[in-house]
Amino acid sequence: MRQTAAGGEKKMLLTRVWRQLPFFVWLIALWMLLWGQFTWVAFLTGLVAAVVVTRVFRLPPVELSGRVNLWYGLVFVLEFIVALVHGSLTVAAQVLNFGRQPGTAIIAVPLVTDDDLIMTHTGVTASLIPGSLIVDTDRDRRILYLHVIGVRTARDVERQRESVRNWERRIVMAVGSPAQVKLVRADASARAGEDAS
């Protein structure tokens, strides 16, 4: 009887660790991105930081969807790299254009999904791309507030909003639940219908 109980507890522990592993890996990757270094030292310090964050600051466990689509994950990573390069070049061009000041704005971006983890990933992704930074979040209404540069017209603002919504869509397609995937697809088709009319 004790062996069965011990085996059950061990299985529950392994299941919990397996479910939290992507979050743990994401913390290490986030650490390396924030420092801008992809070295063994950055990896090891990120590992230490992830252990400290998950063990010392005990938060409720994050329930992941259990779904990972490697194709959409690869698409997300590649598009993120392209956006990093494009954002860096755009900001550099705006800084070097002494005759014209880049316009700035704080914009509200309503998200489609009601998930803390997706909202966090979307906010971090938008903040890591040069030219935009999350300044506030409204969890209850699912709104991210961003400070963006390089906006002069309402069309520029809407383009920035759509960019953040696209990041949310890509993240959901990579790691969201089937219900969230349906939700973002329905939202994308509704927006496409609005644009067509």
Side-chain angles (χ1 to χ4, degrees), residues 23 26-27 29-38 53 62 72-177 179-197:
F23 181 64
W26 175 250
L27 284 175
L30 180 62
W31 180 267
M32 294 170 78
L33 284 169
L34 288 174
W35 286 101
Q37 297 178 358
F38 295 95
V53 166
V62 176
Y72 283 111
L74 178 64
V75 169
F76 170 80
V77 169
L78 292 176
E79 289 185 352
F80 179 72
I81 291 169
V82 169
L84 277 178
V85 172
H86 181 264
S88 298
L89 294 175
T90 302
V91 170
Q94 290 169 347
V95 168
L96 295 174
N97 187 354
F98 298 111
R100 185 175 180 185
Q101 292 291 323
T104 61
I106 294 182
I107 63 171
V109 183
L111 299 179
V112 177
T113 56
D114 186 19
D115 184 277
D116 290 338
L117 197 57
I118 298 294
M119 187 177 197
T120 302
H121 287 335
T122 305
V124 168
T125 301
S127 286
L128 287 174
I129 296 169
S132 64
L133 180 69
I134 296 292
V135 292
D136 197 8
T137 60
D138 185 338
R139 171 65 190 90
D140 296 331
R141 295 189 305 160
R142 301 183 316 237
I143 298 176
L144 295 177
Y145 293 94
L146 285 87
H147 179 271
V148 293
I149 63 173
V151 292
R152 295 189 171 278
T153 65
R155 187 175 180 183
D156 293 339
V157 169
E158 195 50 44
R159 192 171 61 243
Q160 288 285 347
R161 269 197 197 102
E162 192 55 36
S163 172
V164 176
R165 288 189 195 110
N166 284 337
W167 287 119
E168 178 192 24
R169 196 173 305 121
R170 291 176 188 115
I171 291 166
V172 168
M173 295 303 288
V175 296
S177 68
Q180 291 170 338
V181 170
K182 285 182 185 175
L183 200 59
V184 295
R185 283 185 173 159
D187 179 68
S189 59
R191 288 187 188 282
E194 287 175 9
D195 292 343
S197 59

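- V82 has its side chain out of reach of E79: every pair of non-hydrogen atoms, C-beta onward, lies at least 4.5 Å apart.
- Between W26 and H121, some side-chain heavy-atom pair lies under the 4.5 Å cut-off.
- What you find for M173 and V181 is that their closest heavy atoms are SD-CG1, 3.7 Å.
- Of all heavy-atom pairs spanning W167 and A83, the tightest one is CZ2-CB, 3.6 Å.
- Side-chain contact between P110 and R165 is present, with heavy atoms from C-beta onward closer than 4.5 Å.
- W35 and W31 have tilted rings, their planes meeting at an angle from 30° to 60° on a 0 to 90° scale.
- Annotation for S132 and V148: closest pair CB-CG1, 3.7 Å, computed over non-hydrogen atoms.
- Separating the CG atom in L84 from the CD1 atom in I129 is a distance of 6.0 Å, to the nearest 0.5 Å.
- Atom CD1 of residue I107 and atom OH of residue Y145 lie 11.5 Å apart, to the nearest 0.5 angstrom.
- Using a 4.5 Å heavy-atom cutoff, the side chains of T113 and M119 are not in contact.
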**Item:** Pair D114-R139, salt bridge (charged side-chain N to carboxylate O under 4.0 Å, His left out): steps then yes or no
**Value:** CA-CA 9 Å; D114 186 19; R139 171 65 190 90; 2.9 Å; yes

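- For the atom pair R161 CZ and S163 OG, the distance stands at 12.5 Å (nearest 0.5 Å).
- Side-chain contact between F80 and L128: present, with at least one pair of heavy atoms (C-beta onward) separated by less than 4.5 Å.
- With L144 as the partner, the side chain to side chain contact (heavy atoms under 4.5 Å, CB included) test is satisfied by one option alone out of D136, D138, T122, V135: T122.
- Nearest heavy atom pair, residue I149 against residue Q160, reads O-NE2, 4.3 Å.
- The CG atom of D115 lies 11.0 Å from the CG atom of L183; values are rounded to the nearest 0.5 Å.
- Residues E162 and R155 are not paired through a salt bridge, judged by the lack of any N-O separation under 4.0 Å between the basic side chain and the carboxylate.
- Here CD1 of I118 is found 8.0 Å from OG of S177. Values are rounded to the nearest 0.5 Å.
- In this structure, the side chains of D187 and R169 come closer than 4.5 Å at one or more pairs of heavy atoms.
- Between R159 and D156, the shortest heavy-atom distance links the atoms NH2-OD1, 3.1 Å.
- Between L146 atom CG and L133 atom CG the span is 7.5 Å, to the nearest 0.5 Å.
- Nearest heavy atoms, H147 versus I106: CD2-CG1, 4.0 Å.
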